[in-house]
Amino acid sequence: MSNALDNQYQPSIIEQAIYQSWEANNAFAAREAESAYCIVIPPPNVTGSLHMGHAFQDTVMDLLTRYHRMKGDQTLWQVGTDHAGIATQMVVERRLAADNISRHDLGREKFIEKIWEWKAESGGTITRQLRRMGAAIDWNRERFTMDDGLSEAVEEVFVRLYEDGLIYRGKRLVNWDPVLHTAVSDLEVESLEENGSLWHLRYPLSDDPSSHLIVATTRPETLLGDAAVAVNPDDERYRHLIGKTVDLPLTGRKIPIVGDEHADPEFGSGCVKITPAHDFNDYEVGKRQGLDLINVLDINACIDLDGSPYHGMDRFAARKKIVSDLDQAGLLDSIKDHKLMVPRGDRTGSVIEPYLTDQWYVKVEPLAKEAIKVVEDGDIKFVPENWSNTYFNWMNDIQDWCISRQIWWGHRIPAWYDQHGNVFVARTAEEAQSKAGPDAILEQDEDVLDTWFSSALWPFSTLGWPEKTPEFDKYYPTNVLVTGFDIIFFWVARMIMFGLKFTGQVPFKEVYIHGLVRDLEGDKMSKSKGNVLDPIDLIDGIELEALVEKRTKGLMQPKMAAKIEKQTRKQFPNGIEAYGTDALRFTFASQATLGRDIRFDLTRVESYRNFCNKLWNASRYVLMNTEGKDCGQVEATVKLSLADKWIISRLQQVEKEAVEQIENYRFDQLAQSLYSFVWDEYCSWYVELTKIVLNDENATDAQLRGTRRTLVRVLESTLRLLHPIMPFITEALWQEVKPLAAVEGDTIMNCVYPLYDESKIDQQAIEDMTWVQSVITSVRNIRGEMNISPGKALPILVQGASPKEASNIELHSDYLTKFGRFESMSMLTDSDQAPESATALVGDMRLLIPLGSFIDANAEISRLSKELEKAERDIAGVSGRLSNKAFVDKAPEAVIAKAQQQLDDAESAKFTLLEQIERMQAFLEND
RNA sequence: GGGCGUUUAGCUCAGUUGGUAGAGCAUCGCCCUUACAAGGCGAGGGUCAGUGGUUCAAGUCCACUAACGCCCACCA
């Protein structure tokens, strides 16, 4: 009932109630259908909370899911959460640290219990927030990466890869995080340029201690682990020294001088110290040269050398001491400023140490080959396409993947060792025991798997694999993966590799890569910068004080608080208004262009909130004029007006566009089309024109029915068009409108997405309506320029109308006089002497508004002069082209004809304008 | 070092196969007209980063340059 609709749209009243009713009625469950459509969510951290990137991504996935559901597909948006090993463990450790407890105090079992407790406590946050986003999710199908089924999939995959020789264990140099005490993969290391020094050290020659080699290093402390000095075998300066030794300072060791390509004669002195256990390049040199691996660090990256004066010192403290000791010994040649790339762990920010340990690896090259091929062959398509280059670049040079982590939260590696150190990889302890024999005393590997290992299985593990399930058969391969470019390597590539290996099929057919959501200045949103927007705050609104509190609380660097507070107060002096989910989603859709980051612009949210209000009020108007009245629900004669035929035609065209835009992932264009259809066409023209019929005492029942029916039906279709972007408001309005439009169904989300019908497009109606619009607009233009009140009815004289135009005036005089607010329309012949008037041109037809008290001749002259200038500019441009022989010879006929038409129009306009200006001037002189 | 992206109105962004630039917000003017002032009507505002080329015609295609940004690799 229309009186249920307030005259202002208030999202808070409708949104939560609607979501609850959807969920209570199990409306999200997939309906059986022949064709399937499936998207798996990039699983967020189970204990995390929703940020703008999620909100954007979720909007896109929900939009696609809702569209396909309406299209009639059996849809599954598979959601779930990730255990996020390191991240989650760190959070819990930090919480324990507040009580001065370490995980080691608790022990493994107790600590893991604590994590499960934390998951139970905070694990619902992000799924609650997803609901607030309006996500159409069958929550019965929610999964977690450490669910039993998914864990079994992990074990199955591990065992099979091991059996196929694609997983191995080995002692090698890995990226070691000395704070976390775990290995991390290459991808988890971020290198940033930092200011450092290049120390030039003197290594005395053993057989001639008075001479020395100078080696340059950025890491003097690793000198303790040097195994050689390398020179380039082609380097004349040092070639003769190869095979001799130097006295390694501070250690009493002698190390060989070796010839190796690795040494660059151009760099520094051309001599390089080789520390195979603490540098990736040196490790390779060491292998080539058969050097010892001399480990000098412990897991904390402190010096670990019994009997050494540096034993137990942190690496950076040791560096200082070693440099000063060398200096005292006269072995420090020089120190130069040097910029270098410092590797840091992406979680801890601590400097990563190349460290020699036993780890598990996946041999990825054979898997990568197949994974490259499916993208090359187009079995998987990146959208936008250029991301496939990024993918190829990485895949072509892929390194083995270190998958073991020395943490406790995660999937324990399914490998057992007997008392002799033999390893048994198996799905269960029992299976391992039976492999090892009854006498073996087995202990399971202490390590857990990289979180991304289980994520790599997500598209099929969530569907029940390795079991044969109906879901897997129905939905796999999934249709599209929606994700950010930042995890193409971490996740997308690995899903493709594992998907192909274990299912023989691609995991998804398309990968939609979206940009990062940044703040208005283009900065990444981060807690430490204090520029984070919480999607929920945009939905519900937030007071300034609460926002300041939120942004300044719990900062890593508390001294930033003052600056952040100031910024926030300046940017949001009144806090943030409650814009509602639909406006936020519409904003994301409108910003979802391909291949570009998003600068999040709050003014757009506001404008789309206003759009919601517009739609809301247009619906109110429709309801006020149709409820309790005959809207042609039952077949009966209807007479359609020009406006009716026009809006129906336009609706068809918009429906056609909408489907194309969604299928092409152009949600920005979709948003734009629907916005302008609703606002600029349905509201600004159509709704206004219906008032003429509906307020006409002489209108016939058939006319009234026709207009009401069109009002309601077009609105109902428009709501369906909008529903994938704005689920809440469309549902709320649809529930009011559906009886009037004679449509059935419990919820708009199960209605069919509008299908355009070519036969309903009335080309003549579009042409005529365009003509009506131009007549009204040109008179409005004069009103605007002359500051004539919109309510003031104007007498209009028409001169120079073609027969078609004359008949149009006759036919549509109601529209023109009533909507255009014309007092009268009188036809003049060309020979009639027209009074002094302001003049609007529509083609060759002239609309004259006789000068009265409200029209100022001077203002009219300046208005006409402006138009004249424009006409002259057009003439200059177009005639220039047309007089160019090459253009006339080579351009397509249609282009030439169009130019000729433009020229004719502009010239005729110019003629009329000049004439009018002269008349005005003459009028002024006689006045 | 290699690769990718961006540069269009004051701001945020569109611009399909080359045919002479659009939207929202902001600005200015007039209107509280019974769906909506979160509104209506109108207006102003751009040598499309630069240079050169292809073409009858370039924001659009090609080459180079500049600025900004991202990714990968890396000389110790």
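Each chain gets a letter, A, B and so on, in the order its sequence line appears, and its residues count up from 1. Fair warning: this is a prediction, and the values are worked out from it, not measured in the lab.
- With respect to the salt-bridge test (charged N to carboxylate O, under 4.0 angstrom), the residues A/R288 and A/E284 do not qualify.
- Cation-pi geometry between A/R609 and A/Y579 is not met: the NZ or CZ atom fails to fall both under 6.0 Å from the ring centre and inside 45° of the normal.
- Listed in residue order, the members of residues 185-202 of chain A having a heavy atom less than 4.0 Å from RNA chain B come to none.
- Between A/K614 and B/rG40, a side-chain N or O to OP1/OP2 separation shorter than 4.0 Å is present.
- With P as the reference atom, B/rG42 and B/rU47 are 26 Å apart, rounded to whole Å.
- One finds no side-chain N or O of A/R821 lying less than 4.0 angstrom from the OP1 or OP2 phosphate oxygen of B/rC31.
- OP1 and OP2 of B/rU33 both lie 4.0 Å or more from every side-chain N or O belonging to A/K792.
- For the residue pair A/S388 and A/E385, a side-chain donor N or O sits within less than 3.5 Å of a side-chain acceptor on the partner.
- Comment: A/E860 engages A/R863 in a salt bridge, judged by a side-chain N to carboxylate O separation of less than 4.0 angstrom.
- When only modelled atom types and interatomic distance are considered, A/Y203 and A/D226 share a side-chain donor-acceptor pair under 3.5 Å.
- Each of B/rC70, B/rA35, B/rU12 was ranked by its minimum atom distance to the side chain of A/F485; first place goes to B/rC70.
- Between the side chains of A/S590 and A/R604, a donor-acceptor pair is found at a separation under 3.5 Å.
- Here the side chain of A/K866 is nearest to one of B/rG42, B/rA43, B/rC30, namely B/rA43.
- If you check distances only, the side chain of A/E688 does reach the base of B/rA35 with a donor-acceptor pair under 3.5 Å.
- Within 4.0 Å of A/A263, counting heavy atoms only, lies at least one base atom of the nucleic acid.
- Nearest-nucleotide positions on RNA chain B for A/K339 and A/Q902 put A/Q902 closer to the 5' end.
- Closest approach to the A/S607 side chain among B/rC41, B/rA35, B/rC25 is made by B/rC25 (side chain taken as heavy atoms from C-beta onward).
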Using distance only, find each side-chain donor-acceptor pair of residues 515-523 of chain A under 3.5 Å and give its atom names and separation, not counting sequence neighbours.
| unit_1 | atom_1 | unit_2 | atom_2 | d |
| --- | --- | --- | --- | --- |
| A/R518 | NE | A/D597 | OD2 | 2.7 |
| A/R518 | NH1 | A/G522 | O | 3.1 |
| A/R518 | NH2 | A/D597 | OD2 | 3.1 |
| A/D519 | OD1 | A/E521 | N | 2.9 |
| A/D519 | OD1 | A/G522 | N | 3.0 |
| A/D519 | OD1 | A/D523 | N | 2.8 |
| A/D519 | OD2 | A/N531 | ND2 | 3.0 |

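- A donor atom on one side chain and an acceptor atom on the other are not found under 3.5 Å apart for A/D337 and A/N195.
- Phosphate proximity of B/rG42 to A/R780: present, with a side-chain N or O under 4.0 Å from OP1 or OP2.
- If you check every strand for non-hydrogen atoms under 4.0 Å, A/Q591 touches sugar and phosphate atoms only.
- Atom name C1', nucleotides B/rC30 and B/rU17: the rounded distance is 44 Å, in whole Å.
- Between the side chains of A/D260 and A/Q289, a donor-acceptor pair is found at a separation under 3.5 Å.
- Near RNA chain B, meaning a heavy atom under 4.0 Å away, the residues from residues 669-678 of chain A are A/Q672, A/Y675.
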Taking protein heavy atoms under 4.0 Å as touching, what does nucleotides 53-63 of chain B look like 5' to 3' if B marks base contact, S marks sugar-phosphate-only contact and - marks none? ---B-------
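- The aromatic rings of A/W679 and A/F611 lie parallel to each other, with less than 30° between the two planes, well short of the 60° mark.
- Residues forming a side chain to side chain contact (heavy atoms under 4.5 Å, CB included) with A/S774 (at least two apart in sequence, or on another chain): A/V842.
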Sequence-aligned protein contact record of nucleotides 1-11 of chain B, with B where the base is within under 4.0 Å of a protein heavy atom and S where only the sugar-phosphate is: --SSSSS----
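- Ranking B/rC70, B/rA76, B/rU20 by closeness to the A/R518 side chain, first place goes to B/rC70.
- Separating the CZ atom of A/F600 from the C1' atom of B/rU12 is a distance of 11 Å, rounded to the nearest angstrom.
- Side-chain atoms of A/N393 and A/D397 include no donor-acceptor pair closer than 3.5 Å.
- Separating the C1' atom of B/rG15 from that of B/rU8 is a span of 9 Å, rounded to the nearest Å.
- The residue A/Y9 sits close to a base: some heavy atom pair falls under 4.0 Å.
- Between A/R780 and A/E785 there is no salt bridge, since no side-chain nitrogen of the basic residue lies less than 4.0 Å from a carboxylate oxygen of the acidic one.
- With both pairing distances under 3.5 Å, B/rA9 is matched to nothing as a Watson-Crick or G-U wobble pair.
- Contacts of A/C612 with the nucleic acid, taken as non-hydrogen atoms under 4.0 Å apart, are absent.
- For A/M341, counting side-chain heavy atoms from C-beta on, the closest listed nucleotide (B/rG24, B/rC71, B/rC74) is B/rC74.
- With sequence neighbours excluded, the residues satisfying ring pair (Phe, Tyr, Trp, His ring centres under 6.0 Å) with A/F56 are A/H514, A/F588.
- Put simply, A/N781 has a side-chain N or O that comes within less than 4.0 Å of OP1 or OP2 on B/rA43.
- Separating the CH2 atom of A/W616 from the C1' atom of B/rC36 is a distance of 12 Å, rounded to the nearest angstrom.
- The side chain of A/Q8 sits closest to B/rA38 out of B/rC13, B/rA76, B/rA38.
- The gap from the P atom of B/rG18 to that of B/rA23 amounts to 24 Å, rounded to the nearest Å.
- Looking at heavy-atom distances under 4.0 Å, A/K691 makes contact with a base.
- Remark: the separation of the P atoms in B/rC64 and B/rU60 is 16 Å, to the nearest Å.
- Residues meeting the salt bridge (charged side-chain N to carboxylate O under 4.0 Å, His left out) test with A/E657, sequence neighbours left out: none.
- A gap of 32 Å separates the C1' atoms of B/rU55 and B/rC68, to the nearest Å.
- The ring pair (Phe, Tyr, Trp, His ring centres under 6.0 Å) test applied to A/F677 returns no partner, not counting sequence neighbours.
- As judged by a 4.0 angstrom heavy-atom cut-off over every strand, A/R666 is placed among residues touching the sugar-phosphate backbone only.
- Applying the side chain to side chain contact (heavy atoms under 4.5 Å, CB included) rule to A/N389 yields the partners A/N386; only residues at least two apart in sequence or on another chain are considered.
- Using a 4.0 Å cutoff on non-hydrogen atoms, no part of residues 581-588 of chain A comes near RNA chain B.
- Looking at heavy-atom distances under 4.0 Å, A/S590 makes no contact with the nucleic acid at all.
- Partners of A/F489 by ring pair (Phe, Tyr, Trp, His ring centres under 6.0 Å), not counting sequence neighbours, listed by chain and number: A/W394.
- Contacts of A/K885 with the nucleic acid, taken as non-hydrogen atoms under 4.0 Å apart, are absent.
- The residue A/G270 sits close to a base: some heavy atom pair falls under 4.0 Å.
- Nucleotides B/rC41 and B/rA58 have their P atoms positioned 37 Å apart, rounded to a whole Å.
- Neither OP1 nor OP2 of B/rA38 sits under 4.0 Å from any side-chain N or O of A/W679.
- Rounded to whole Å, the P atom of B/rG59 lies 11 Å from the corresponding atom of B/rU20.
- Judged by Watson-Crick or G-U wobble contacts below 3.5 Å, the nucleotide B/rC32 has no partner.
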